[in-house]
Amino acid sequence: MQPENRKSTEFCFAWQGARASLNLKPDFVAMEAAVTAIRVALPVPLRQHFDYLLPPELEVSIGCRVRVPFGKRELVGIVWQLAVKPDVSEQQLKPVLAVIDQTPVLPALLRQLLSFAADYYHHPLGEVLTAALPALLREGRPLADYLPRAYRLTDSGKAVHLQSFSRSAKQAELWQALTTQALDEATVKSHYSGSALKQLMAKELVESFQTEIAPYHYRGLAEPALQLTADQALAVTAVNQAQGSFRPFLLEGVTGSGKTEVYLQLIPSLLELGQQILVLLPEIGLTPQTLERFSKRFRAPVLVWHSNLSDGERLNCWLQAASGSAAVVIGTRSALFLPFRKLGLIIIDEEHDLSLKQQDGFRYHARDLAIKRAALECCPILLGSATPSLESLYNCQQGRFTKLTLTARASGQAMPQLELVDLKQQVLQYGLAAQSIQQMHQQLKLGKQVMLFLNRRGFAPALSCQDCGWLTECQRCSAFTTYHKHSRQLVCHHCGATRAVPRQCGGCGSTRLAPVGQGTEQLEEHLSVLFPEVPVTRLDRDSTRRKGAFASLLAEIQQPGPRLILGTQMLAKGHHFPFVTLVVIVDVDGALYSADFRAPEQLGQLLTQVAGRAGRGHDKGKVLLQTQHPEHALLQDIMLNGYAAFARSALLERQQTLLPPCQYMALFRAEAHQSELCQQWLQQVASYCQQQPQVQQLGPLLSPLERRAGKYRWQLHLYAAQRPLLHQLLSQVLAEVSQWPLSRKIKWQLDVDALDLN
DNA sequence: AGGTATAGTAAA
DNA sequence: TTACTATACCTG
Ligand SMILES: [Zn+2]
Ligand SMILES: [Zn+2]
């Protein structure tokens, strides 16, 4: 690593894990001693490493796959270190069974990234590896099995004449084609007869051979670039100047300010140099539209990577990244681990989106690890958002990131006007104020579209007994069950349990059960009563469950003409609604008084993102925010000053209350059928952590959702002003935890930089 | 994780 | 007694 580069890395991730220094320090004593072993990373969720003997007849280098015995089974692992002094005695070591690769499947830089991730998130290396390596490579077949093959004539094939195929026109055709040049597998399969090929190979006239995947060849722009605004041009210049060095940028630009065009114009100069570009998106749903814009622009291969790919497609993308034949890869979280041959730039769109952090198992944040990767690769990284996270804004404030701002909408049109609708003075009709309904009518009459945002799917959040007030609850969670009218079920949105709608009250036996509260399914029904002539499109997880449903609903919305569009937060995620001129935010009051310190930030982002859907076409937009609390500081701030100013004051508040991003945090979670066991275990963790008084504790506390799927849930928060302090303590406490018998009786996990405090 | 030895328990 | 299931334990 170059000194300049290392400095920058520590800039963003200033910490030193105890494990890292243990692992990476070369042990010269071991080199001299007779017994040395190799350390292998194995796909098991264990926080230890495993060492093996390398039989003298075998040779292996770091980063190659090996097959090893493990208990009573065999596993494929990756050589992580050579010549280590084993941490168990010589007799306990088993020999490596086979070496699979001659050249590493994981390059050094990627191994460094994975080691870093395992240390930083205090997660077993084996599971980190599992997240990074395509499933097919974990099966242990040689790489050659997956590389493309081509066909050519053998010497005897070259010696024969066309006349020898007089009885088979198909064979003649293929043979003749091969006399001029070798043909790759795909060409032969698509243009020639399979049986002819088989016969020619049986006669040993044709043979197959392995080919290399060649780096891409850039053939220029496929469509002209758009004219940039002054702001956009500045942003492009700034990032271009950072080519070849690690430098993080934050691109803050309101919806419609042309962030994507900035991304697109950063790419050609890198393609000229043969470098690769990684574009990370928070959700699969955003890949199609992004793929379309990128592949339309460049005559170079643009690939996608996400969890819906088959194992084969995944490996293919992985190999193309490794060989340099992929120019641009557009992908979700785990694309971050692709083995690029020469990465020139990382772009993260919607960097504020919580989906960028994995919510189970290995809980990494793709944005944060991407910054680390950019540092290792010595390339710039650009984070884009209309509503940047407080983390990134703080990094700008601290001088770690360079902030680039796009102030105006690229089309020159005005930002939508935001108006609060005070519900206290109003008689509501189906949850809508008279004022909202009147303005909806007005826009629909003009042939415009109206969008309604309601972040609650289903028909109603619960059913209630009219006689005794009993509410339908989930048997296994401390939560009500949502009534879904269409599927005639009560569904628990926390554990997924469903049951038929009861005829009688569970408390008093009354049959007078009625829905309480309103979800999207109910609002849809009411809208078609209020506006019988207007088509309604509902976008939520239920209406888009069917394969292809999402795309067809989006297509519906792209049609001009009056339409009501209603949906959940799905509406906030980067899709274009060209004919929407009015957005009605039906009810977000629940989020105004949440206990989660991140709730205001998330609400601010959500409101701004939803509001941004108004007036992206030619018409000026308007946003109506219905609320019982029009005087609430957050709403006032957002309405009067916009997101940027709101975020500044929110960040100031975090500073004053000593919360992230101004402090570093980690969270222990515990889950068990017996509540006391969780509390007891977390108390043990808390007690141990008291040895470091500079790390503040909060808890053990019951989680906001006390019981989920039959298990009680507790958490313990840890906060520290300095990252190294916190991480050293975590390493120590984890070593301790593995010795406790209680640790095996409950399910526990550690969440570093936890975002979701549920 | 996943395989296995072992303890616990219901039927025959 | 056997047959099956829940649980503790271990992996180099
Ligand atoms: Zn439930
Ligand atoms: Zn009742």
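Below, chain A is the first sequence line, B the second, and so on; all start at residue 1.
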Query raised in the report: How would you list, by chain and number, every residue that makes a side chain to side chain donor-acceptor pair (under 3.5 Å) with A/E391, sequence neighbours excluded?
Result: A/R598

Query - All ring pair (Phe, Tyr, Trp, His ring centres under 6.0 Å) counterparts of A/H365, not counting sequence neighbours - result: none

Query raised in the report: What does A/Y52 touch in the nucleic acid at a heavy-atom separation under 4.0 angstrom: a base, only the sugar-phosphate, or nothing?
Result: sugar-phosphate

Do any side-chain atoms of residues 681-688 of chain A form donor-acceptor pairs under 3.5 angstrom with protein atoms, and if so which ones, sequence neighbours left out?
| unit_1 | atom_1 | unit_2 | atom_2 | d |
| --- | --- | --- | --- | --- |
| A/W681 | NE1 | A/S743 | OG | 3.0 |
| A/S687 | OG | A/Q683 | O | 2.8 |
| A/Y688 | OH | A/Q691 | NE2 | 3.4 |

Query - Distance, nearest 0.5 Å, that separates CZ of A/R723 from CE of A/M665 - result: 12.5 Å

Query raised in the report: What does A/P43 touch in the nucleic acid at a heavy-atom separation under 4.0 angstrom: a base, only the sugar-phosphate, or nothing?
Result: nothing

Requested in this report: Taking side chain to side chain donor-acceptor pair (under 3.5 Å) as the test, write out the residues that go with A/E351, two or more places apart.
Outcome: A/R367, A/S389, A/S392

Query raised in the report: So what does A/L75 hit on the nucleic acid, given a heavy-atom distance under 4.0 Å: a base, only sugar-phosphate, or nothing?
Result: nothing

Query - Boundaries of the chain A footprint along DNA chain B (any atom under 4.0 Å from a heavy atom) - result: B/dA1 to B/dA5

**Report entry** Set of ring pair (Phe, Tyr, Trp, His ring centres under 6.0 Å) partners for A/Y364, sequence neighbours left out
**Finding:** A/F337, A/F362

Requested in this report: Assign each of A/E127 and A/K72 to its nearest nucleotide of DNA chain B by heavy atoms, then name whichever residue's nucleotide is nearer the 5' end.
Outcome: A/E127

Query - By salt bridge (Lys or Arg N to Asp or Glu O under 4.0 Å) - contacts of A/E74 (at least two apart) - result: none

Requested in this report: Please find the earliest and latest nucleotides of DNA chain C, in the 5' to 3' direction, that have an atom within less than 4.0 Å of any heavy atom of chain A.
Outcome: C/dC9 to C/dG12

Using residues 124-145 of chain A as the side-chain source, report each donor-acceptor pair under 3.5 Å to any protein atom, sequence neighbours left out, with the distance given to one decimal.
| unit_1 | atom_1 | unit_2 | atom_2 | d |
| --- | --- | --- | --- | --- |
| A/E127 | OE1 | A/H123 | NE2 | 2.7 |
| A/T130 | OG1 | A/G126 | O | 2.8 |
| A/R138 | NE | A/L133 | O | 3.3 |
| A/R138 | NH2 | A/L133 | O | 3.2 |
| A/R141 | NE | A/D145 | OD2 | 3.2 |

